[in-house]
Amino acid sequence: MTTTPTAPLTLRDYIRARHRCDEVTALAPLLPLASLPEAARARAAGHARELMTAIRAIHRERGGLDAFLHEYDLSSHEGVVLMCMAEALLRIPDAETVDRLIHDKIGATDWAQHVARSDSLFVNASNWALMLTGRLVNLENRESTLAGACKNLLARAGEPLIRQAMLAAMRLLGEQFIMGRSIAEALANARPAEQRGYRHSYDMLGEAALSMADAQRYHAAYLAAIESLGASRRGEQSIADAPSISIKLSALHPRYEVAQRQRVLAELLPAVGQLAAAAKRHDIGFTIDAEESDRLELSLDVVEALALDPALAGWQGLGLAVQAYQKRAPAVLDWLAELARRANRRLMVRLVKGAYWDSEIKLAQERGLADYPVYTRKVATDIAYLACAAKLLDDPLAFYPQFATHNALSVATILEMAHQRGSANFADFEFQRLHGMGAELYDQIVGRGDAQHPCRVYAPVGSHEDLLAYLVRRLLENGANSSFVHRLEDGHTPLEALVADPVAIWHGVRPPQPVPLPGQLYGTERQNSRGMDLADHPTLTLLAEALATAHGQQFRAAP
Ligand code: FAD
């Protein structure tokens with residue numbers, strides 16, 4: 001009997017094999033990587049405690065966006081309404097439907113109970129705007145004199161008044177996250193922070209282009225931004241010190257999806273290549289943001305083509321974001337390290353935890369897939385983040401690590417990990433934070449004598465209409481009870497709980513999985529119907545084979 005030789009597994013096969021593997025199995029090899037010796041662990045916890053104490057003191061005094069996001073946590077009715085509104089305003093094309101939604105959601109909501117519950121001026125200004133909107137909607141149905149007056153006002157000013165008030169409230173919230181409406185304004189606004197030692201990565205707001213015209217508009221905006229960044233870049237700056245650009249591939253092609261792989265590579269690749277060439281010409285960093293997990297493989301195809309493009313040789317600014325909450329992340333880093341060597345270049349890697357957790361969970365359930373592509377316990381993501389950080393720090397020839405987090409314990413642990421690896425590596429990475437968030441954390445680290453470390457601010461540029469998708473992710477992320485920012489803002493969570501070692505938690509009383517596997521969504525009632533993952537390479541191969549076999553068969557119908 002002869003056996004057909006099987007091709008050896010490639011690093012891409014390893015990525016695929018981990019796509020929806022079991023959470024406990026995925027995490028097992030990461031635990032030693034994320035562990036620190038006892039003394040180092042204690043130092044990291046001590047440092048995190050100091051950082052958090054200072055942040056809490058500043059927040060008590062000043063308030064700010066974090067306080068607002070905490071006030072509207074997702075367990076409150078108003079928090080859910082706020083998020084639904086932000087999400088819905090993004091999708092509703094006509095004013096009439098917006099008005100109906102406002103009536104439905106805003107009127108029945110008690111915004112007044114939030115006013116003056118916080119000392120923050122920002123919280124109260126936003127609350128007032130929302131409350132007034134709610135009042136106007138409510139009053140319309142009341143038969144008091146005041147209500148009559150308001151009713152008249154409404155009748156005269158019409159529904160657009162409420163819509164405008166609602167949008168004003170959203171705008172107020174949104175402005176906290178936007179660096180500037182144009183790249184010139186953003187560059188000017190960034191200057192004071194730059195003088196204090198911060199770097200910036202500019203993001204032209206907009207994602208998920210719906211048409212080729214959208215994609216061309218975003219492409220032109222990115223290109224113009226790169227030219228402006230190039231012009232503002234100082235000659236003596238290294239590529240790490242210089243400003244950089246962050247791009248979303250979904251903004252550059254309306255069909256950026258696996259089913260359109262050939263078309264995407266033929267049409268998207270030249271567009272991205274042109275942007276990368278401009279970034280190379282100005283010697284600035286160029287990071288491809290991480291989006292939904294369905295798109296991971298496509299994004300890797302694009303990164304591979306760019307990394308191997310001879311026209312981009314010699315430029316050290318090519319980079320991408322990697323999401324630690326995906327079970328595939330460590331395998332992606334192995335593949336990237338090999339790519340860096342093959343392409344003879346160093347890749348900038350922004351390590352994030354991942355911003356699409358809720359939609360990843362929902363999609364897997366809706367499609368009835370075998371398992372989730374992301375971890376379901378927060379502590380698992382924290383461990384994976386540290387393990388991936390260790391992998392990045394361990395390979396300085398392949399990677400320039402960029403650790404993007406607002407979690408003080410993650411920051412303190414990474415500083416300790418870098419310290420363990422010697423001072424040479426210590427200087428050779430940066431932290432990143434989002435504009436409007438994490439300032440109180442990183443002000444304690446950037447430009448502070450011996451202990452200082454560089455931090456880059458992710459700076460969204462654009463109008464508030466383009467901000468909504470981004471805003472929804474921030475609301476979701478910060479409103480979640482498990483979020484670090486949320487727990488720190490909540491004065492009741494003891495610091496000891498916030499500095500608890502995630503590896504020790506995993507080995508100890510591990511929290512139960514918060515969601516059942518997609519197939520068991522309905523418990524004992526019934527099995528969820530099973531779907532096919534049409535973004536998964538092995539599934540697609542099997543499907544293609546089955547289709548080819550079926551195609552070759554003769555079917556005969558007879559009465
Ligand atoms: P933490 O509170 O410690 O962590 C929150 C994160 O934990 C959540 O975002 C989620 O990833 C994870 N999590 C929450 N609940 C669970 C659960 N039940 N099970 C498993 N995991 C859970 N995100 C992207 O996706 N793509 C990007 O390109 C991107 N760019 C960024 C750039 C910068 C500069 C920054 C600061 C963030 C960026 N993010 C991006 C967002 C990032 O992924 C995180 O959502 C965010 O930073 C919160 O993580 P944290 O460490 O600050 O907070």
Side-chain angles (χ1 to χ4, degrees), residues 10-12 14-15 17-18 26-44 47-48 238-240 285 287 290 296 300 303-304 307 316-354 375 380-405 407 409-432 445 453-456 501-504 506:
T10 65
L11 289 172
R12 280 299 275 272
Y14 282 110
I15 296 177
R18 294 182 69 114
L27 215 63
L30 306 187
L31 293 165
L33 279 172
S35 302
L36 280 179
E38 200 48 47
R41 169 61 55 202
R43 272 197 304 275
H47 187 197
S238 70
I239 193 162
T287 300
L296 177 74
L300 297 183
V303 168
E304 182 173 31
Q316 299 299 333
L318 180 63
L320 75 160
V322 172
Q323 296 162 323
Y325 69 4
Q326 283 206 50
K327 294 166 180 170
R328 290 176 285 184
V332 167
L333 293 183
D334 291 340
W335 178 82
L336 286 171
E338 187 274 333
L339 174 66
R341 278 180 256 290
R342 198 157 29 110
N344 193 24
R345 59 164 70 241
R346 193 179 186 211
L347 295 167
M348 292 185 155
V349 176
R350 177 199 302 151
L351 186 65
V352 299
K353 286 181 189 160
Y375 299 106
T381 296
D382 288 335
I383 294 170
Y385 191 81
L386 295 178
C388 290
K391 283 174 93 72
L392 290 174
L393 289 168
D394 280 338
D395 203 343
L397 291 179
F399 300 126
Y400 176 70
Q402 303 171 310
F403 301 113
T405 173
N407 182 322
L409 182 63
S410 304
V411 168
T413 310
I414 287 167
L415 283 170
E416 197 53 52
M417 281 178 158
H419 195 67
Q420 300 270 304
R421 285 162 173 79
S423 51
N425 284 357
F426 190 71
D428 216 8
F429 66 91
E430 68 180 21
F431 287 109
Q432 296 196 349
I445 291 172
H453 213 86
C455 174
R456 189 179 301 273
D501 173 14
V503 178
W506 188 260

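Side-chain atoms are counted along with the backbone in the values below, which use heavy atoms only and exclude waters and symmetry mates. Predicted, not measured: the structure shown is a model, and the values here were computed from it. Positions are given from 1, in the same order as the sequence printed here.
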Review point. In Å, rounded to the nearest 0.5 Å, how long is the span from CZ of Arg12 to CG of Leu339?
Key: 9.5 Å
Review point. Taking C-beta and beyond as the side chain, do Val322 and Leu336 meet within less than 4.5 Å on heavy atoms?
Key: yes
Exercise for review: Quick one: closest heavy-atom pair of Leu33 and Ala390, and the distance?
Suggested key: O-CB, 3.7 Å
Check your understanding: When rounded to the nearest 0.5 angstrom, what is the spacing between CG in Asp395 and CG in Leu347?
Key -> 10.0 Å
Check your understanding: So do the side chains of Leu30 and Pro330 get within less than 4.5 Å of each other, counting heavy atoms only?
Key -> yes
Point to revise | Derivation of the side chain to side chain contact (heavy atoms under 4.5 Å, CB included) call for Val332 and Gln326 | key: CA-CA 10 Å; Val332 167; Gln326 283 206 50; over 6 Å; no
Review point. Distance-only, no hydrogens or angles: does the Arg346 side chain make a donor-acceptor pair with backbone N or O of Phe399 under 3.5 Å?
Key: yes
**Study point:** Side-chain donor or acceptor of Arg341 paired with backbone N/O of Ala398 under 3.5 Å
**Key:** no
Check your understanding: Is there side-chain contact between Gln402 and Thr287, with at least one heavy-atom pair below 4.5 Å?
Key -> yes
Point to revise | Whether Arg350 side chain and Ala404 backbone form a donor-acceptor pair below 3.5 Å | key: no
Check your understanding: Restricting to pairs with a member in residues 318-332, which pass salt bridge (charged side-chain N to carboxylate O under 4.0 Å, His left out), not counting sequence neighbours?
Key -> Lys327-Asp371
Revision key, fill the gap. Those residues at least two apart in sequence (or on a different chain) that pass salt bridge (charged side-chain N to carboxylate O under 4.0 Å, His left out) with Arg18 are none
Exercise for review: Check the pair Arg421, Asp428 against salt bridge (charged side-chain N to carboxylate O under 4.0 Å, His left out), reporting the backbone distance first and the verdict last.
Suggested key: CA-CA 11 Å; Arg421 285 162 173 79; Asp428 216 8; over 6 Å; no
Exercise for review: Heavy atoms only: give me the nearest Leu351-Ala389 pair and the separation to one decimal.
Suggested key: CD2-N, 3.5 Å
Exercise for review: May I ask you to test the His47-Val411 pair for a side-chain heavy-atom distance under 4.5 Å?
Suggested key: no
Review point. Out of curiosity, Gln323 CD to Leu296 CG, how far, rounded to the nearest 0.5 Å?
Key: 7.5 Å
Review point. With a 4.5 Å heavy-atom cut-off, do Leu300 and Ile15 have their side chains touching?
Key: yes
Review point. CE/Met348 to CD/Glu430 distance, rounded to the nearest 0.5 angstrom?
Key: 7.0 Å
Review point. Shortest non-hydrogen contact from Tyr375 to Ala324?
Key: CE1-O, 3.5 Å
Point to revise | Smallest separation among heavy atoms of Ala380 and Leu27, with atom names | key: O-CD1, 3.7 Å
Check your understanding: Who are the ring-ring contact (aromatic ring centres under 6.0 Å, His included) partners of Phe403, not counting sequence neighbours?
Key -> Phe429
Exercise for review: Start with the C-alpha distance between Ile414 and Phe431, add both sets of side-chain angles, then the distance that settles side chain to side chain contact (heavy atoms under 4.5 Å, CB included), and finish with yes or no.
Suggested key: CA-CA 10 Å; Ile414 287 167; Phe431 287 109; 4.1 Å; yes
Check your understanding: Looking only at heavy atoms, what is the nearest atom pair of Asp334 and Lys391, with distance?
Key -> OD1-NZ, 2.9 Å
Point to revise | Shortest non-hydrogen separation from Ala329 to Cys388 and the atoms involved | key: CB-SG, 4.0 Å
